[in-house]
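Here's the structure we're looking at; comments come further down.
Residues take their numbers from the sequence shown, with the count starting at 1.
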Amino acid sequence: MKHYLLVISILLFTVNAYSQDKIDFDELLNKTVRKYENISDYTCTFHKKELIRGRLIEERNIFLKFKKPPHFYMKWLDGKNKGIEAIYVDGKYNNKLVVHLGGMLSFIKISIDPEGKLAMRNNRHPIMEAGIGQIISIIEKNYRMSKNDTNVFITYEGEHVLSGNKSMLIKAVFPERKEYYGHIIYLYFEKESYLPIKITVYDWENQLIEDYYFEDIKLNVGLTEKDFDTDNPDYDF
């Protein structure tokens, strides 16, 4: 009898441990989409690392404001780009990216094509693709394509803590097809909000090409047009 109870206990422990390693990704993604639909604006600290022309370029501590429809304000808080400010508003400023330079060039303000050579010199994406919504779009598109692809493997890698907040780590491995965004993608979904707060992407040579992290996110803070106005007295444009 004791042996029987021991076997039952082991089986129950195994089932519980196994269930903790599983996650319904369809349900998670639905919660993510619904959450984002109810977000009108947010602020955060944005960190990024990108492979540009064979060289990894890292930029940290970029203060980001976002408002729907697409409004972006970014300010570099430290590093070699400290003091730079950038504003892009869909349909405003002739759809140009307005940039105020930092340091010794702080007196210069320029308006440039957000997808042009100058704006993209050290970036893999234009500013319009800098937000959490873009990450969700990437996830949705690749997950839809992978639905009937038996060569795609999506696994739950457990709970992780980022900046004191619990997150769920999802690992996706895609076959070498041009339609997919990358070969291996790690996604960190904040457990409380279900938002993807970090994405790390490796290419088919297994080299890191992108790493984006949204830290200290504050949702629906009531941003207004003033927050995306170059005449805002709080800015240095």
Would a 4.5 Å heavy-atom cut-off, applied to side chains only, mark [X] and [Y] as touching?
| X | Y | value |
| --- | --- | --- |
| Y186 | I170 | no |
| C44 | L64 | yes |
| I154 | S146 | yes |
| R53 | N122 | yes |
| T43 | I217 | no |
| T230 | Y93 | yes |
| V173 | V152 | no |
| F237 | D231 | no |

Count the heavy atoms of every other residue, nucleotide or ligand shown that sit under 6.0 Å from [atom1] of [X], and state whether that count exceeds 12.
| X | atom1 | result |
| --- | --- | --- |
| E58 | CD | yes |
| N94 | CG | no |
| K49 | NZ | no |
| N148 | CG | no |

Can you tell me if [X] and [Y] form a side-chain donor-acceptor pair at under 3.5 Å?
| X | Y | value |
| --- | --- | --- |
| D26 | Y143 | yes |
| E50 | Y212 | yes |
| Q134 | S137 | no |
| Y213 | T200 | no |

Examine distances only and state if a side-chain atom of [X] and a backbone atom of [Y] form a donor-acceptor pair shorter than 3.5 Å.
| X | Y | result |
| --- | --- | --- |
| R124 | L51 | yes |
| H160 | L169 | no |
| K191 | N165 | no |
| D227 | T224 | yes |
| H71 | F66 | no |
| H47 | N61 | yes |
| N123 | P126 | no |
| S111 | V98 | no |
| W204 | P175 | yes |
| Q207 | Y202 | no |

Could you give the distance from [atom1] ([X]) to [atom2] ([Y]), rounded to the nearest 0.5 Å?
| X | Y | atom1 | atom2 | answer |
| --- | --- | --- | --- | --- |
| F214 | K48 | CZ | NZ | 10.5 Å |
| I209 | D211 | CD1 | CG | 11.0 Å |
| I108 | H100 | CD1 | NE2 | 9.5 Å |
| R60 | N81 | CZ | CG | 14.5 Å |
| L97 | Y88 | CG | OH | 9.0 Å |
| I62 | K82 | CD1 | NZ | 14.5 Å |

Hydrophobic cluster membership, M120 vs F72, 4.5 Å side-chain cutoff: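 Looking at the clustering, F72 is in a separate group from M120.
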Geometric cation-pi criterion, K171 with Y156: 6.0 Å, 45°: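 No.
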Can you name the closest pair of heavy atoms from [X] and [Y] and give their distance?
| X | Y | value |
| --- | --- | --- |
| Y42 | L219 | CB-CD2, 3.8 Å |
| P114 | A119 | O-CB, 3.6 Å |
| R34 | N38 | O-ND2, 3.1 Å |
| F25 | I139 | CZ-CG2, 3.9 Å |
| L223 | K67 | O-CE, 3.4 Å |
| V89 | N95 | O-OD1, 4.0 Å |

V201/I184 under side-chain contact (heavy atoms from CB on, under 4.5 Å): CA gap, chis, key distance, verdict: CA-CA 6 Å; V201 184; I184 302 175; over 6 Å; no
side-chain contact (heavy atoms from CB on, under 4.5 Å) evaluation trace for H125 with E210: CA-CA 10 Å; H125 299 276; E210 295 179 349; 2.6 Å; yes
Residues D216 and K218 bridged, charged N to O under 4.0 Å: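 Yes, this pair counts.
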E215 with K198: basic N within carboxylate O range, under 4.0 Å: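 A salt bridge is absent here (no side-chain N lies under 4.0 Å from a carboxylate O).
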side-chain contact (heavy atoms from CB on, under 4.5 Å) evaluation trace for M128 with E115: CA-CA 9 Å; M128 303 90 77; E115 298 180 278; 3.7 Å; yes
Option from Y73, F63, F228 for which ring-ring contact (aromatic ring centres under 6.0 Å, His included) with Y235 holds: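 Answer after filtering Y73, F63, F228: Y73.
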